Amino acid sequence: MGVANNITAILNFIAFLCSIPIIAAGIWLASKPENECIHLFRWPVVLLGFLILLVSLAGFVGAYWYKETLLAFYLCCMAILIGLLLILLVFAFVVTRADGGYDVPGRGYREYRLQGFSSWLRNHVVYSKNWDKIRPCLAETDVCSKLTQNYITADQFFMAHISPLQSGCCKPPTVCGYNYVNPTLWLNPVNPAADPDCYLWNNDQSQLCYNCNACKAGLLGNLRREWRKTNVILIVAVVVLIWVYVIACSAFKNAQTEDLFRRYKQGWV
């Protein structure tokens with residue numbers, strides 16, 4: 001095996017390693033409670049990671065045994081996958097750029113408004129018929145029940161850094177002026193007309209604020225936070241993959257040159 005093929009095989013092994021954090025990030029993203037309820041967001045990262053893994057293995061085999069057709073297939077497919085990964089990154093950055101969160105005086109957590117998030121997220125997640133399926137799915141998770149296990153007194157809860165989803169779905173908006181009993185039980189609002197969600201709050205543990213706009217906003221807040229974390233891993237991976245791809249293309253051309261030179265020498269011997 002020539003030097004150029006050795007280099008290509010090593011580069012494909014690096015690309016193979018890059019696919020592992022992409023798959024891990026996708027699995028982490030898909031395992032989140034809200035993503036279990038939103039199938040659209042669950043598997044694209046995992047799928048891309050597995051495709052990069054398979055293509056990298058094909059490129060490694062092609063380089064190690066110098067299967068020119070397999071190498072050409074690898075270069076073509078990897079270019080497509082890198083392009084798709086870049087599109088996913090740009091798309092995720094654009095739709096998660098807007099942040100609907102705002103600080104609440106005297107609280108450790110933030111609350112969220114729907115209008116603060118991108119129109120694409122609002123239209124495809126919470127303003128569509130999808131919410132009729134998402135709401136009961138969220139109610140079946142342990143997102144809110146965890147709060148009653150972790151916080152007992154009002155002071156503990158008010159200073160807690162709970163997730164956007166918990167902030168929106170598991171308690172009424174602060175502006176309503178409900179009195180704290182426990183994290184998911186609130187009584188006697190002093191300002192119920194301050195927000196339409198004040199009338200939607202229900203102490204029934206299967207209802208809570210799952211019908212509230214605050215819950216929809218909290219769901220988008222969770223999506224935004226988790227996709228932002230995932231994007232960091234994807235950016236590093238795509239930079240490495242582009243670097244590997246450029247060098248692999250050069251090594252592939254050098255391997256073809258070596259092969260032509262070898263055939264030329266054999267023809268003269």
Side-chain angles (χ1 to χ4, degrees), residues 29-42 99-117 121-227:
L29 199 61
S31 68
K32 294 298 177 179
E34 67 277 10
N35 284 323
E36 291 179 3
C37 301
I38 308 174
H39 302 295
L40 177 65
F41 293 91
R42 290 196 71 184
D99 179 13
Y102 61 94
D103 294 324
V104 181
R107 302 290 187 267
Y109 49 79
R110 305 179 81 206
E111 294 185 350
Y112 298 82
R113 295 188 183 95
L114 267 179
Q115 290 72 21
F117 294 96
L121 281 177
R122 296 198 307 267
N123 292 335
H124 287 80
V125 178
V126 297
Y127 281 174
S128 65
K129 294 180 180 178
N130 290 336
W131 187 252
D132 293 334
K133 299 177 182 178
I134 293 171
R135 186 191 60 76
C137 177
L138 288 175
E140 292 175 0
T141 68
D142 62 351
V143 168
C144 293
S145 61
K146 284 181 179 179
L147 294 178
T148 58
Q149 299 168 12
N150 295 333
Y151 307 104
I152 299 174
T153 68
D155 289 340
Q156 285 179 329
F157 181 71
F158 291 156
M159 291 298 104
H161 296 284
I162 60 178
S163 72
L165 188 64
Q166 290 172 324
S167 175
C169 301
C170 307
K171 63 170 193 59
T174 301
V175 71
C176 301
Y178 274 89
N179 292 302
Y180 176 94
V181 178
N182 69 42
T184 59
L185 182 61
W186 302 74
L187 300 173
N188 305 323
V190 297
N191 192 19
D195 191 306
D197 285 347
C198 300
Y199 295 106
L200 295 175
W201 169 258
N202 192 318
N203 283 315
D204 182 342
Q205 298 300 294
S206 65
Q207 298 293 324
L208 299 179
C209 217
Y210 292 121
N211 288 313
C212 302
N213 282 331
C215 185
K216 298 175 182 179
L219 174 66
L220 299 186
N222 257 39
L223 285 175
R224 179 185 184 276
R225 185 180 66 174
E226 288 156 7
W227 270 96

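Sequence positions, counted from 1, serve as the residue numbers for this chain. Worth knowing before you read on, the calculation uses all heavy atoms, side chains too, and leaves out hydrogens, waters and symmetry mates. Keep in mind the model is a prediction, meaning the values are calculated, not measured.
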Nearest heavy-atom neighbours spanning Ser167 and Tyr109: OG-CD1, 4.1 Å
Heavy atoms only: give me the nearest Ser206-Ala139 pair and the separation to one decimal. O-CB, 3.9 Å
Could you measure the distance from the CG atom of Asp132 to the SG atom of Cys137? Nearest 0.5 Å is fine. 13.0 Å
Applying side-chain contact (heavy atoms from CB on, under 4.5 Å), can you list everything that pairs with Leu185, at least two apart in sequence or on another chain? Val181, Asn182, Asn203
Euclidean distance, Leu147 CG relative to Ile152 CD1, rounded to 0.5 Å: 13.0 Å
When rounded to the nearest 0.5 Å, the distance separating CZ of Phe158 from NZ of Lys171 is 9.0 Å
Distance-minimising heavy-atom pair for Arg122 and Leu114: CD-O, 3.1 Å
Mind checking what makes side-chain contact (heavy atoms from CB on, under 4.5 Å) contact with Cys169, not counting sequence neighbours? Leu165, Tyr210, Cys215
Assess whether a salt bridge exists between Asp99 and Arg225, defined as any Lys/Arg side-chain N lying under 4.0 Å from an Asp/Glu carboxylate O. no
Is it the case that the side chains of Asp155 and Thr153 hold a donor-acceptor pair, with the cut-off being a distance below 3.5 Å and no angle test? no
Shortest non-hydrogen contact between Gln166 and Val143, atoms and distance: NE2-O, 2.9 Å
Is it the case that more than 12 heavy atoms not belonging to Arg113 sit under 6.0 Å from its CZ atom? no
Please check if the distance between the ring centroids of Phe157 and Tyr180 is under 6.0 Å. yes
Looking at Pro189 and Cys176, what are the two nearest heavy atoms and their distance? CB-O, 3.5 Å
So CG of Leu208 and CH2 of Trp186: to nearest 0.5 Å the spacing works out to 11.5 Å
For Gly101, is there any backbone N or O sitting under 3.5 Å from a side-chain donor or acceptor partner on Glu111? no
When rounded to the nearest 0.5 angstrom, what distance separates CG in Asn191 from OG1 in Thr174? 12.0 Å
Which pair of heavy atoms, one from Tyr151 and one from Ile162, lies closest together, and at what distance? CE1-CG2, 4.1 Å
Can you list the steps and then say if Thr184 with Gln205 is a side-chain contact (heavy atoms from CB on, under 4.5 Å)? CA-CA 7 Å; Thr184 59; Gln205 298 300 294; 2.9 Å; yes
How far does NZ of Lys216 sit from CZ of Arg135, to the nearest 0.5 angstrom? 10.0 Å
Going by heavy atoms in the side chains, are Leu219 and Trp131 under 4.5 Å from each other? yes
Keeping Asn188 on the side-chain end and Tyr178 on the backbone end, is there a donor-acceptor pair under 3.5 Å? no
